[in-house]
2 protein chains.
Amino acid sequence: MTDSPAPRPRDTAQRRAIRAAFAGTPRPLSPLEVLEGAQANLPGLGVATVYRTLKMLTEERWLVTVEIPGEPARYEIAGKPHHHHFHCRACGQVFEVEGCPRNIQTLTPTGFELEDHEIVLYGRCAACAA
Amino acid sequence: MTDSPAPRPRDTAQRRAIRAAFAGTPRPLSPLEVLEGAQANLPGLGVATVYRTLKMLTEERWLVTVEIPGEPARYEIAGKPHHHHFHCRACGQVFEVEGCPRNIQTLTPTGFELEDHEIVLYGRCAACAA
DNA sequence: AAGATAATGATATCTCATTATCATCTACAG
DNA sequence: CTGTAGATGATAATGAGATATCATTATCTT
């Protein structure tokens, strides 16, 4: 039962490229958006590595997942102030929106325990609305 | 180019059972919940028929879809007053919650066009919290 | 520099929810 | 009552996202 000796993550070009992709944008990114963004710096990057790295970065809390109804999960850098999201129906991108209505708790029915909430706005982003 | 003669939907036991399942609960139902609920009245009912009927009832606007992140779509009877949803992480059921914060529009960034919004609360329903 | 081993990438595979197929059944107009 | 076209159900097929496989490559300690 000798416990696992303690693995140590390595610093690789693909992990750097993936982190850079997040650092370079204020939007939550889908795995494929991460792939495209990181491939700009590292052409050979594969999908499997993206998924593996997203999982890893999420487990170590460098990323958090953003779930949008009917869409694959997005990821964004953890630790940002509380905010919500806007999903553009034209280009499919997800944007951050600041702020949050104060009275969310009051919506909760009696007896229910509120742990979390998500607000998703739908419409057209500035670029697509033009 | 004689246009399709005009099909007329038939009144079948399975369609009645599916509509009854919705009439019998205030919650949005997933296809499998519909299947189970309707099978209580009609044991032989199959999945394919549920999906076909949900699609049909949605197209004729008797139902609307409710999308919850990471979950299969739910359906609820159309025409209800504006409301949102609570997703119980313990039992997986989705519940309606009344009301809506007033200032949603103010969250929208300048230049963005808001068409719609969804609020999902996460936590434990009254039954599971006990 | 060299070895041990973690990481990668191409691709096969899995997991689901949903849809198509098709022989059989049934609602309903005539 | 009858015929027929719509409806059903068992099951195969599909599709998309995510994961597993495994030979090869690259990191990092010594």
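Per chain, numbering begins at 1; letters A, B, ... match sequence-line order. Just so it is clear, the model here is predicted, and its values are computed rather than measured.
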Tabulate atom names and distances for all N/O pairs under 3.5 angstrom spanning the protein and nucleotides 28-30 of chain D.
from    : atom 1 : to       : atom 2 : distance (Å)
dC28(D) : OP1    : Asp11(A) : N      : 2.8

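- The side-chain heavy atoms of Thr49(A) and Thr12(A), taken from C-beta on, include no pair separated by under 4.5 Å.
- Side chain to side chain, His87(A) and Glu118(B) fail the donor-acceptor criterion of an N or O pair below 3.5 Å.
- On the nucleic acid side, DNA chain C contacts chain B at distances under 4.0 Å to non-hydrogen atoms, with the end points of that region at dA17(C) to dC28(C).
- Using a 4.0 Å cut-off, no side-chain N or O of Gln14(B) falls inside it from OP1 or OP2 of dA7(D).
- Residues Cys91(A) and Cys125(A) approach most closely at SG-SG, 4.0 Å, considering heavy atoms.
- A heavy-atom distance below 4.5 Å is found between the side chains of Gln93(B) and Glu33(B).
- In this structure, His117(B) and Tyr122(A) approach most closely via the heavy-atom pair CA-CD1, 4.2 Å.
- Inter-residue side-chain proximity for Pro31(B) and Tyr75(B) is flagged as met; some heavy-atom pair is nearer than 4.5 Å.
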Are any protein N/O atoms closer than 3.5 Å to N/O atoms in nucleotides 16-21 of chain D? If there are, list each pair with its distance.
from    : atom 1 : to       : atom 2 : distance (Å)
dA18(D) : OP2    : Tyr51(A) : OH     : 2.7

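- Taking 4.5 Å as the limit, every side-chain heavy atom of Thr108(B) sits out of range of all side-chain heavy atoms of Val97(A).
- Between Glu67(A) and Pro69(B), the closest heavy-atom pair is CB-CB, 3.2 Å.
- The shortest side-chain heavy-atom distance between Leu121(B) and Phe95(B) does not fall under the 4.5 Å cut-off.
- Looking at Ile104(A) and Pro101(B), their side chains come closer than 4.5 Å, going by heavy atoms from C-beta outward.
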